[in-house]
Amino acid sequence: MTASYPATRLRRARTHAWSRALLRETVLTPADLIWPLFITSGSGVEEPIASLPGVSRWSIDGIAARAKEAVALGIPCVALFPNTPPDRRSADGAEALNPDNLMCQAIRAIRDACGNDVGILTDVALDPYTSHGQDGLVDDAGYVLNDDTVAVLVDQAVTQAEAGADIIAPSDMMDGRIKAIRMALEMGGHTNVQIMSYAAKYASAFYGPFRDAVGSGGLLKGDKKTYQMDPANAEEALREVALDIAEGADSVMVKPGLPYLDIVARVKARFEVPVFAYQVSGEYAMIAAAAAAGAGDRDALALETLMAFKRAGASGVLTYHAPLAARLLNG
């Protein structure tokens, strides 16, 4: 395109609010949001999470109430993460397979409260259930075993599907788990249960508050660099996404979010599948800290970052800002 001033004045279209709205290239609505929720034991319990200002763990009744709130706000889906009691954690993460664990109780409570008015996304990984904080089974040297872990993840996914989960979201980063889970879901008659794969999940420094929220941070032995991705790698992310799509993922996720917008854009450009991004706990906490320090307006910072995900090509965003953003967007 050839353009020159003054024939072309790009500020013309920015003069009035109606014109800016008419020409806006990217639109953000509550329907673009997934609200992560943390589950705890008890009844009538709310436990504020110090490292995530404004975010709490909720007992089952509170989780059901938050799901109703999501429906009222126009948020189409909630994502569930349990804080398993210490006496239910073990080296093999066996509580993940308990059909009456916190996750399954929360699924049933949401379904009873909301019917099919809200989607239920469930995390598949062992770190909320293991005594060592890793996402899988470990050998004597502390190495996370791939195939042995996948076998457990398959049973975990089926357990969640049987409880009523709509979307199974494996966050473990084991090789081959998407194919194994998809086959088990098909064989179990759960043909309409979706898989949203954490396809490009990086070994990031931004996960600290999340680990506090699910109670695994103080338990973690070592790091997760042997299965989560190196933050330096982009081509590897495309390989991971391609494999997960081939194995049966209905949608894919990039995690963390803002530091990896280039990955979101590249995945969107390369593959014809829905791409989601997770605005992770550290990103949320940084915005909260900036607002508390007077470095910016929290509402504006939240909406601008969420718009950035959409502009990069994300179909939707998992964000702890979901209820705040939905209220702002609903006017």
Side-chain angles (χ1 to χ4, degrees), residues 20 23-36 52 55 75-77 79 121 123 167 169-171 173 196-210 224-225 227-245 249-291 295-322 324-326 328-329:
R20 294 192 295 273
L23 301 176
R24 188 161 294 135
E25 299 174 25
T26 305
V27 177
L28 178 71
T29 76
D32 297 315
L33 308 175
I34 297 175
W35 185 2
L52 277 173
V55 178
I75 298 169
C77 187
L121 182 153
D123 177 58
I167 305 175
S171 64
M173 289 298 287
M196 181 187 293
S197 169
Y198 286 64
K201 181 178 180 180
Y202 286 84
S204 172
F206 285 90
Y207 300 150
F210 175 91
K224 302 188 177 186
K225 294 180 180 179
Y227 50 100
Q228 294 178 357
M229 287 182 55
D230 186 336
N233 294 352
E235 295 296 331
E236 183 184 14
L238 301 181
R239 295 180 66 194
E240 288 279 10
V241 169
L243 284 168
D244 285 0
I245 294 170
D250 300 286
S251 58
V252 297
M253 188 195 303
V254 176
K255 181 181 180 183
L258 283 177
Y260 298 89
L261 288 182
D262 60 318
I263 306 302
V264 173
R266 291 183 67 172
V267 171
K268 181 66 174 181
R270 177 76 65 89
F271 302 101
E272 296 180 353
V273 296
V275 180
F276 289 81
Y278 199 142
Q279 186 179 43
V280 299
S281 59
E283 299 174 60
Y284 172 94
M286 288 171 62
I287 290 174
D297 177 78
R298 185 170 188 171
D299 294 354
L301 291 169
L303 289 181
E304 184 174 340
T305 54
L306 293 173
M307 185 66 78
F309 289 113
K310 288 297 300 296
R311 192 182 64 244
S315 302
V317 187
L318 290 83
T319 176
Y320 306 100
H321 284 121
L324 169 66
L328 294 171
L329 293 167

Check: Can you tell if the side chain of Leu306 reaches within under 4.5 Å of the side chain of Leu33, non-hydrogen atoms only?
Finding: yes
Closest non-hydrogen contact found for Ala277 with Val264 is CB-CG2, 4.2 Å
With heavy-atom distances below 4.5 Å as the criterion, would you say the side chains of Tyr260 and Met229 are in contact? no
In this structure, OH of Tyr198 is separated from CG of Asp244 (nearest 0.5 Å) by 13.0 Å
Quick one: sort the Tyr320 and Tyr284 rings into parallel, tilted or perpendicular, breaks at 30° and 60°.
perpendicular
Nearest heavy-atom contact between His321 and Ile287 is CE1-CD1, 3.7 Å
When rounded to the nearest 0.5 Å, the distance separating CZ of Phe206 from OG of Ser281 is 10.0 Å
Ile263 and Ala234 have their tightest heavy-atom pair at CD1-CB, 3.6 Å
One should read off an interatomic distance between Asp123 CG and Ile167 CD1, to the nearest 0.5 angstrom, of 13.0 Å
Closest heavy-atom pair, Val317 versus Phe276, reported as atoms and distance to 0.1 Å, is N-CD2, 4.3 Å
Taking the cut-offs as 6.0 angstrom to the six-membered ring centre and 45 degrees off its axis, would you call Lys255 and Tyr278 a cation-pi pair? yes
Exercise. State whether the number of non-hydrogen atoms from other residues, nucleotides or ligands found under 6.0 Å of Met307 atom CE is greater than 12.
Key: yes
Rounded to the nearest 0.5 angstrom, the CD-CE distance for Gln228 and Met173 is 7.5 Å
Shortest non-hydrogen pair, Leu318 vs Ala79, comes out as CD2-CB, 4.2 Å
ask   = Do the side chains of Leu329 and Leu303 get nearer than 4.5 Å, heavy atoms only?
value = yes
CD1 (Ile34) and CE (Met196) are apart, to the nearest 0.5 Å, by 4.0 Å
> Does Asp230 use its side chain to pair, donor to acceptor, with the backbone of Asn233 at less than 3.5 Å?
Replying inline: no
Taking every heavy atom of Leu258 against every heavy atom of Glu283, the minimum-distance pair comes out as N-OE1, 2.9 Å
Taken to the nearest 0.5 Å, the spacing of Lys310 NZ from Thr29 OG1 works out to 6.0 Å
Do the side chain of Ser197 and the main chain of Val252 share a donor and acceptor less than 3.5 angstrom apart? no
For this session: For salt bridge (Lys or Arg N to Asp or Glu O under 4.0 Å), just list the numbers for Arg266 and Glu235, CA-CA rounded to whole Å, side-chain angles, deciding distance to a tenth of an Å, and then say yes or no.
Result: CA-CA 9 Å; Arg266 291 183 67 172; Glu235 295 296 331; 2.4 Å; yes
Using a cut-off of 6.0 Å, state whether more than 12 heavy atoms not belonging to Arg20 lie near its atom CZ.
yes
